[in-house]
*Asks:* 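Sharing a structure with you now.
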Amino acid sequence: MRAEDVFRAGPFVSDASIAGKGALMASQPQSPVETIRHSAAHVMAEAVTRIWPGTKVAIGPAIDDGFYYDFQFASPIKDDDLPAIEKEMRRIIQGGAEFKRREVSKAEARTAFAAEPFKLELIEGLEDGSISLYEQDGFVDLCRGPHVANTREIRPDAFKLRSIAGAYWRGDEKRPMLTRIYAYCFSSKADLEAHLKLLEEAEKRDNRRLGKELDLFSTHEEAGPGLIYWHPKGGRFRVELEKWWREEHYANGYEILFTPHIGKSWLWETSGHLGFYKGNMYSPMKIDEDDYYAKPMNCPFHIMIYKSDTRSYRDLPLRWAELGTVYRYERSGVLHGLMRVRGFTQDDAHIICTPEQIEDEILEVLRFSLSMWKTLGFKDIKAYLATKPAESVGEPSRWDQALESLRKAIVKEGLPYEVDEGGGAFYGPKIDLKVKDAIGREWQMTTIQFDFNMSERFQMEYVDADGQHKRPYMVHRALLGSIERFFGVYIEHTGGAFPVWLMPEQAVIIPVASTFDDYAKKVVADLKRQGIRARADLSDARMNAKIRTAQGQKTPYMLVVGQKEQDEGTVAVRFRDGRDQSTMSLADFLARVLARIAEKSLDL
RNA sequence: GCCAUCUUAGCUCAGUCGGUAGAGCGCGUGACUUGUAAUCUCGAGGUCCCCGGUUCGAUUCCGGGAGAUGGCUCCA
């Protein structure tokens, strides 16, 4: 018996007439656009099964910007097949079929989907009495709904098939690989177009593209994929960033450590990395009969320093930071520009303190992090509080206290937050901060994690006022996350137009004619003497071309100099943001730029 | 790793229905000496990703491999 027949065998109603019921059935309420997306997914499944009869269907949910549906095709389909599917979908939509719902028993559902192995598996996981089918235009799908009333509610010009991708059934690598078709889908054409525009904007800002255009960094597959080469201009950015980072850390009561890149295997056996994390570690190298590993984390090294002396409660808290370069093996398919790499530098720190100190310490870390994001120009920040998972180490009382101190800190700072129930690591609860970039994308950057595991495994102790040896609290934190990934996010956030203090080249002097090269050189010398990164463009290109090049490089200040400026000791300042140019004395310009740099101003 | 797509000059990309290839930018050269987003000239630069097969002949067609890119959490 086919699904359609089962569907027709019983009473059905249109979704419109049971308003609310579908939503009631769904575990989560659906927004109108999600309903449209999910309905469009059904239409796509119908189109696909009409074009390729016998194709097995799996699942087709709404996602952030559209929907997808997973299929198992008898023979592979290609990108070129997408237009035909889209065309068929439009035909179905124009047909104006109604979405109808019917509730069936488990047995009926089994009969209906006898030929659909994935549906059968899903049915087995459902409760009898809570199973519903939806039908439109003769196509029946197992679905809890809700759906739009009529296919016409899906705008034919507000969706667009995107791509074909492989996806494992239920995300499990051991299960069959299905063919997933992704689509963008919105409730109006304008929304779709706005989204496509955003994607275009994102592509312009892509860190790989700008990394090349602005000569910031490169990767070399032949020398090892996922490893970053910082060019001189990327290097300037990084040196300035790290200089600031170090100053801020000292100012906030941290000490800075330097630890080795490799260490003997017992460190990683003790830390547990070789147990849980081996697949992400580089293979060992044999040195004098011992196995050494490149470090995937800095913690065991910091702990070695902690244990180099007997620590008193009087020594705590210890705030130890390191720009520690670590190596982690990532599968080749997941590498991505600066965002996902195999070697990177964490802006890591460990805070070791007594239970009494923990609340203040957490608040301090959070404050410190927020102040850094503010300086860098990120305003929209959200916290995610991850609580104890099913399997965990450490005493429950410690978990409770730790979680409470995290929550208090978030509330005290007035941050919006979500609780990720059971989302913590087995070794402790954590706060993650996500920052929103200039085009509205969220990036997870800061992480503040308790660790009840390491202190135990490495037997860390301090002597308390009562003479007892006690276990300190340990917190890992990374504010920027990794320098590489932060650089990538920052490139995309700013489009390469970094604030003046971080700009590899801060000013380019452009003489209107080579007659004024000497004055241009003098201006450069004056600027350089004050530590401003300046260069004169003395090439034989035309002035307009020089401006275009400097603008393309996002140079904050383009100083045009000619007869007038030479006579008066001034510079004609052109700003990269397109504001009106202004002529000022060299001294005034110097003062302005030095102030911007000193203040780490986001303005020019 | 798996699925799909891609790989041609330093970069971005054309192109060859099978006869070893082009543009723009960049680079070098010569001329021009310029007032706020591209001056003109000439030139150098390519194992058309790699290995096999078919063919008189393969960058192009077929097979295999490598790498890159988009995906592989969203639950019927």
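The structure displayed is predicted, hence computed values, not measured ones. Here is how names work: the chains are called A, B, and so on, in the same order as the sequence lines, proteins then strands, and each is numbered from 1.
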*Asks:* Look at the side-chain N and O atoms of A/Tyr68 and state whether any lies under 4.0 Å from the OP1 or OP2 oxygen of B/C74.
*Replies:*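 Yes.
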
*Asks:* So does A/His38 get a side-chain nitrogen or oxygen closer than 4.0 Å to the phosphate oxygens (OP1/OP2) of B/C75?
*Replies:*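 For A/His38, the contact criterion (side-chain N or O under 4.0 Å from OP1 or OP2 of B/C75) is not met.
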
*Asks:* Please report the C-alpha distance between A/Glu98 and A/Gln136 in whole Å, then the side-chain angles of each, then the deciding distance to 0.1 Å, and finally whether the side-chain contact (heavy atoms from CB on, under 4.5 Å) criterion is met.
*Replies:* CA-CA 6 Å; A/Glu98 286 191 356; A/Gln136 92 277 355; over 6 Å; no

*Asks:* Expressed in whole Å, how much space separates the C1' atoms belonging to B/A23 and B/G19?
*Replies:*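 About 23 Å, rounded to a whole number of Å.
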
*Asks:* Within the 4.0 Å heavy-atom criterion, would you say A/Leu126 contacts the bases, only the backbone, or no part of the nucleic acid?
*Replies:*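 A/Leu126: base contact, heavy atoms under 4.0 Å.
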
*Asks:* Contact class for A/Ala167 vs. all strands (heavy atom < 4.0 Å): base, sugar-phosphate, or nothing?
*Replies:*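 Since only primed, P, OP1 and OP2 atoms lie under 4.0 Å of A/Ala167, the category is sugar-phosphate.
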
*Asks:* Between B/A68, B/A37, B/G71, which nucleotide gets closest to the side-chain atoms of A/Pro225?
*Replies:*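 Among B/A68, B/A37, B/G71, the one nearest the side chain of A/Pro225 is B/A68.
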
*Asks:* What's the CG-C1' distance between A/Leu178 and B/C2, to the nearest Å?
*Replies:*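 Interatomic distance, CG of A/Leu178 to C1' of B/C2: 12 Å.
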
*Asks:* Mind checking if A/Gly171 touches a base, just sugar-phosphate, or nothing, with heavy atoms under 4.0 Å?
*Replies:*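 Here A/Gly171 touches the backbone only, sparing every base.
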
*Asks:* Tell me which one of A/Arg110, A/Lys106, A/Lys119 satisfies side chain to side chain donor-acceptor pair (under 3.5 Å) with A/Glu124.
*Replies:*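 It is A/Arg110, the one option of A/Arg110, A/Lys106, A/Lys119 that forms the side chain to side chain donor-acceptor pair (under 3.5 Å) with A/Glu124.
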
*Asks:* Need the pair for B/U12. Rule: Watson-Crick or G-U wobble, both distances under 3.5 Å, any strand; none if unpaired.
*Replies:*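 Pairing partner: B/A23.
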
*Asks:* Does the side chain of A/Arg208 get closer than 4.0 angstrom to OP1 or OP2 of B/G70 through an N or O atom?
*Replies:*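 Looking at the OP1 and OP2 atoms of B/G70, one of them is under 4.0 Å from a side-chain N or O of A/Arg208.
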
*Asks:* Anything under 30° is parallel, anything over 60° is perpendicular, the rest tilted; go ahead and classify A/Phe498 against A/Phe237.
*Replies:*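 Tilted.
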
*Asks:* For the P atoms, the ones on B/C17 and on B/U60, what distance do you get once it is rounded to whole angstrom?
*Replies:*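 My reading of the P atoms in B/C17 and B/U60 gives 13 Å.
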
*Asks:* When the distance from CE of A/Met339 to C1' of B/G70 is rounded to whole Å, what number comes out?
*Replies:*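 Going from A/Met339 (CE) to B/G70 (C1'), I get 15 Å.
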
*Asks:* Expressed in whole Å, how much space separates the C1' atoms belonging to B/G18 and B/C6?
*Replies:*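 Roughly 22 Å separates the two C1' atoms.
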
*Asks:* With a 4.0 Å cut-off on heavy atoms, is A/Lys546 in touch with a base, just the backbone sugar-phosphate, or nothing at all?
*Replies:*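 No contact at all - A/Lys546 keeps every heavy atom at 4.0 Å or more from the nucleic acid.
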
*Asks:* Just checking A/Glu213: base, sugar-phosphate only, or nothing, at a heavy-atom cut-off of under 4.0 Å?
*Replies:*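 Answer is nothing: A/Glu213 stays at 4.0 Å or more from every strand.
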
*Asks:* Assign A/Asp540 to base, sugar-phosphate, or nothing according to its heavy-atom contacts below 4.0 angstrom with the strands shown.
*Replies:*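 Since a base atom lies under 4.0 Å of A/Asp540, the category is base.
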
*Asks:* Whole Å only: how far is the CZ atom of A/Arg542 from the C1' atom of B/U41?
*Replies:*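 Going from A/Arg542 (CZ) to B/U41 (C1'), I get 13 Å.
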
*Asks:* Measure the acute angle between the ring planes of A/His42 and A/Phe139, then classify it against the limits of 30° and 60° as parallel, tilted or perpendicular.
*Replies:*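 Judged by the thresholds at 30° and 60°, the geometry between A/His42 and A/Phe139 is perpendicular.
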
*Asks:* Using 0.5 Å steps for rounding, measure from the CG atom of A/Asn207 to the CE atom of A/Met339.
*Replies:*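 Between A/Asn207 CG and A/Met339 CE, I get 4.5 Å after rounding to 0.5 Å.
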
*Asks:* Would you tell me if any nitrogen or oxygen in the side chain of A/Asn544 comes within less than 4.0 Å of OP1 or OP2 on B/U36?
*Replies:*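 No.
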
*Asks:* In whole Å, I'd like the distance from the CD1 atom of A/Ile77 to the C1' atom of B/A4.
*Replies:*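 Whole-Å distance recorded here is 9 Å.
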
*Asks:* Could you let me know what B/A44 is paired to, Watson-Crick or G-U wobble, both distances under 3.5 Å, or none if it's on its own?
*Replies:*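 When the pairing criteria are applied, nothing turns out to pair with B/A44, so the answer is none.
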
*Asks:* In the strands shown, is B/C72 matched to any nucleotide by a Watson-Crick or G-U wobble pair with both distances under 3.5 Å, and which?
*Replies:*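 Per the H-bond distance test, B/G1.
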
*Asks:* Mind calculating the distance between CG (A/Asp215) and P (B/C27) to the nearest angstrom?
*Replies:*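 Interatomic distance, CG of A/Asp215 to P of B/C27: 12 Å.
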
*Asks:* Over how many whole Å does the gap from A/Asp70 atom CG to B/U73 atom C1' extend?
*Replies:*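 Interatomic distance, CG of A/Asp70 to C1' of B/U73: 12 Å.
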
*Asks:* Please name the nucleotide paired to B/C32 by Watson-Crick or G-U wobble geometry with both distances under 3.5 Å, or report none.
*Replies:*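 The base-pairing partner of B/C32, which may sit in any strand shown, does not exist here.
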
*Asks:* Using the C1' atom in both, what is the distance from B/U47 to B/U41, to the nearest Å?
*Replies:*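 So the two C1' atoms sit 32 Å from each other.
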
*Asks:* Rounded to whole angstrom units, what separation is found between the CD atom of A/Glu173 and the P atom of B/C3?
*Replies:*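 My rounded result for the distance is 12 Å.
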
*Asks:* Taking atom CG as the centre, does A/Asp603 end up with more than 12 heavy-atom neighbours from other residues, nucleotides or ligands that are less than 6.0 angstrom away?
*Replies:*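 Yes, the 6.0 Å shell around CG holds more than 12 heavy atoms from other groups.
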
*Asks:* Ignoring backbone atoms, test whether A/Arg170 places a side-chain nitrogen or oxygen under 4.0 Å from the OP1 or OP2 oxygen of B/C72.
*Replies:*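 A/Arg170 to B/C72 OP1/OP2: no side-chain N or O under 4.0 Å.
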
*Asks:* Take A/Tyr182 and A/Arg180 through the side chain to side chain donor-acceptor pair (under 3.5 Å) test and state the conclusion after the steps.
*Replies:* CA-CA 6 Å; A/Tyr182 278 98; A/Arg180 175 170 298 180; 3.2 Å; yes

*Asks:* Please determine, for B/U54, whether a Watson-Crick or G-U wobble partner exists with both distances under 3.5 Å, and give it or none.
*Replies:*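 Partner of B/U54: none found under 3.5 Å.
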
*Asks:* Backbone N or O of A/Lys78 within a donor-acceptor pair of the A/Asp81 side chain at under 3.5 Å?
*Replies:*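 Side chain of A/Asp81 to backbone of A/Lys78: a pair is present.
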
*Asks:* Sticking with atom C1', work out how far B/G71 lies from B/U55, rounded to a whole angstrom.
*Replies:*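 Taking atom C1' in both B/G71 and B/U55, they lie 39 Å apart.
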
*Asks:* Roughly how many Å apart are B/G24 and B/C62, using the C1' atom of each and rounding to a whole number?
*Replies:*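 After rounding to an integer number of Å, I get 34 Å for this pair.
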
*Asks:* With a non-hydrogen cut-off below 4.0 angstrom, is A/Thr179 in contact with a base, only sugar-phosphate, or nothing?
*Replies:*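 No contact.
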
*Asks:* What nucleic acid atoms does A/Glu565 come within less than 4.0 Å of, heavy atoms only: base, sugar-phosphate, or nothing?
*Replies:*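 Here A/Glu565 touches the bases of the nucleic acid.
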
*Asks:* Base, sugar-phosphate alone, or nothing: which one does A/Val334 contact when heavy atoms must sit under 4.0 Å apart?
*Replies:*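 Here A/Val334 touches the bases of the nucleic acid.
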
*Asks:* Report the nucleotide, chosen from B/G71, B/U33, B/U36, that has the shortest atom-to-atom distance to any side-chain atom of A/Ser514.
*Replies:*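 The answer is B/U33.
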
*Asks:* In whole Å, I'd like the distance from the NZ atom of A/Lys212 to the P atom of B/C25.
*Replies:*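 Those two atoms, NZ and P, are 19 Å apart.
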
*Asks:* Side chain to side chain donor-acceptor pair (under 3.5 Å), that's the test. Do A/Glu505 and A/Gln553 meet it? Break it down for me.
*Replies:* CA-CA 9 Å; A/Glu505 198 160 83; A/Gln553 291 293 303; over 6 Å; no

*Asks:* Could you pick out which residue, A/Arg180 or A/Met177, lies toward the 5' side of RNA chain B when each is mapped onto its nearest nucleotide?
*Replies:*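 Closest to the 5' end, via its nearest nucleotide, is A/Met177.
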
*Asks:* Side-chain N or O of A/Arg331 less than 4.0 angstrom from OP1 or OP2 on B/G1?
*Replies:*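 Answer no for this pair, as no side-chain N or O of A/Arg331 is under 4.0 Å from OP1 or OP2.
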
*Asks:* Would you kindly check whether a donor in the side chain of A/Tyr168 faces an acceptor in the base of B/G1, or vice versa, at under 3.5 angstrom?
*Replies:*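 Flag set: donor-acceptor pair detected.
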
*Asks:* Using the C1' atom in both, what is the distance from B/G28 to B/G45, to the nearest Å?
*Replies:*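 Straight-line distance between the two C1' atoms is 10 Å.
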
*Asks:* Quote, to the nearest angstrom, the C1' distance that separates B/G1 from B/G63.
*Replies:*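 The answer is 22 Å between these two C1' atoms.
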
*Asks:* Which nucleotide, if any, forms a Watson-Crick or G-U wobble pair with B/U7, using both distances under 3.5 Å?
*Replies:*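 Pairing partner, where one exists within any strand: B/A66.
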
*Asks:* On the side chain of A/Glu330, is there an atom forming a donor-acceptor pair with the base of B/G1 - under 3.5 Å, no angle test?
*Replies:*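 No.
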
*Asks:* Which is true for A/Ala572 with a 4.0 Å heavy-atom rule: it touches a base, it touches only sugar-phosphate, or it touches nothing?
*Replies:*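 Base, at least one base atom sits under 4.0 Å.
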
